[in-house]
Amino acid sequence: MKLRSVLSALALVLGALFAPGFGVLTASTDAQAATKITHATATSMFSSRGITWSSSGGCSNRNNATCTSFDQLNQATAQGAQTLRSATGCALNITGGTETGHASGTYSHWNGYKLDFGKSTCLTNYVKNTFTYIGVRGDGYPQWQAGSGNVYADEGNHWDVTFYNCGGC
């Protein structure tokens with residue numbers, strides 16, 4: 001009877017250690033399940049902090065590349081934008097969200113991990129003076145990494161930001 005209890009406990013511990021996305025032995029590079037939010041929820045979160053957004057098409061359809069959509073945005077990404085606004089004190093304007101037309105990949109716009117921010121002297125100075133330069137991305141754009149691990153790529157006319165987390169919210 002005692003052996004059965006020990007084996008049951010061992011099975012529970014091993015299950016917890018190796019469970020995908022939960023165990024301590026899970027690879028840190030694996031994308032974890034993220035809480036997805038609606039466009040309406042995201043815009044409410046942004047408005048509450050004075051963050052604006054715009055689209056070249058004046059729309060929010062996720063399936064239209066000229067729109068700026070926040071449908072299926074990760075909650076942590078929206079919170080990351082709020083954290084950025086609070087930390088910088090800069091006016092932020094989001095010009096790209098989860099709409100089609102961006103590069104694919106696990107940590108992509110479509111999958112809710114990225115936002116594009118319009119360039120401003122305030123934001124550029126903050127990123128370059130506060131975060132660590134980590135070299136150029138595969139496509140040649142220079143990148144800076146925040147202490148939180150979030151990555152800011154200077155794509156010329158905007159900042160392409162990958163939010164792996166909320167940035168300390």
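It should be emphasised that the depicted structure is a prediction, and the values quoted were computed from it without experimental measurement.
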Is any side-chain heavy atom of [Y] closer than 4.5 Å to one of [X]?
| X | Y | value |
| --- | --- | --- |
| Lys128 | Trp144 | yes |
| Glu99 | Thr68 | yes |
| Thr38 | Thr43 | no |
| Trp110 | Arg62 | yes |

Carefully, step by step, assess Leu92 and Thr52 under the rule side chain to side chain contact (heavy atoms under 4.5 Å, CB included). CA-CA 6 Å; Leu92 297 179; Thr52 60; over 6 Å; no
Roughly how far, to the nearest 0.5 Å, is [atom2] of [Y] from [atom1] of [X]?
| X | Y | atom1 | atom2 | result |
| --- | --- | --- | --- | --- |
| His39 | Ser60 | NE2 | OG | 4.0 Å |
| Asn64 | Thr100 | CG | OG1 | 9.0 Å |
| Ile134 | Gln145 | CD1 | CD | 4.5 Å |
| Cys90 | Leu123 | SG | CG | 5.5 Å |

Distance-only polar pair, side chains of Thr124 and Thr121, donor-acceptor under 3.5 Å: no
Would Asp71 and Thr98 count as having a side-chain donor-acceptor pair, cut-off 3.5 Å? no
[X] and [Y]: same hydrophobic cluster, using ILVMFWY side-chain contacts below 4.5 Å?
| X | Y | result |
| --- | --- | --- |
| Val161 | Tyr126 | yes |
| Val136 | Val127 | yes |
| Tyr133 | Leu84 | yes |
| Val151 | Trp159 | no |
| Ile37 | Tyr113 | no |

Under 3.5 Å donor-acceptor pairs involving side-chain atoms of residues 72-79, not counting sequence neighbours:
residue, atom, partner, partner atom, Å
Asn74, OD1, Lys36, NZ, 2.6
Asn74, ND2, Gly112, O, 3.2
Thr77, OG1, Gly112, O, 2.6

Apply side chain to side chain contact (heavy atoms under 4.5 Å, CB included) to the pair Thr66 and Cys59, showing each step before the final yes or no. CA-CA 8 Å; Thr66 66; Cys59 50; 4.2 Å; yes
Does Asn150 reach the main-chain N or O of Ala146 with its side chain, forming a donor-acceptor pair under 3.5 Å? no
Does Gly118 offer a backbone N or O that forms a donor-acceptor pair with the side chain of His158 under 3.5 Å? no
State, to 0.1 Å, how close [X] and [Y] come at their nearest heavy-atom pair, and which atoms those are.
| X | Y | result |
| --- | --- | --- |
| Ser55 | Cys67 | CB-C, 3.6 Å |
| Ala103 | Ser108 | O-CB, 3.6 Å |
| Gly101 | Ala65 | CA-CB, 4.2 Å |
| Gly105 | Asn111 | O-ND2, 2.9 Å |
| Ser120 | Ala91 | OG-O, 4.4 Å |
| Gln82 | Ser48 | NE2-OG, 3.6 Å |

Plane angle bin for His102 and His109 - parallel if under 30°, tilted between 30 and 60°, otherwise perpendicular: parallel
So among Asp154, Asn93, Thr95, Asn157, which one has a side chain to side chain donor-acceptor pair (under 3.5 Å) with Lys119? Asp154
Only counting residues at least two apart or in another chain, list the ones meeting salt bridge (Lys or Arg N to Asp or Glu O under 4.0 Å) with Asp116. none
Among all residues two or more places apart in sequence or in another chain, which pass the salt bridge (Lys or Arg N to Asp or Glu O under 4.0 Å) test with Arg137? Asp139, Glu155, Asp160
Given the rule in the side chain to side chain contact (heavy atoms under 4.5 Å, CB included) test, do Tyr107 and Phe163 qualify, once you have shown the distances and angles that lead to the verdict? CA-CA 8 Å; Tyr107 298 103; Phe163 291 97; over 6 Å; no
Aromatic ring proximity Tyr152/Phe131, centre distance under 6.0 Å: yes
Are Leu115 and Trp53 close enough, and set up right, to give a side chain to side chain contact (heavy atoms under 4.5 Å, CB included), and what steps lead you there? CA-CA 10 Å; Leu115 291 172; Trp53 58 95; over 6 Å; no
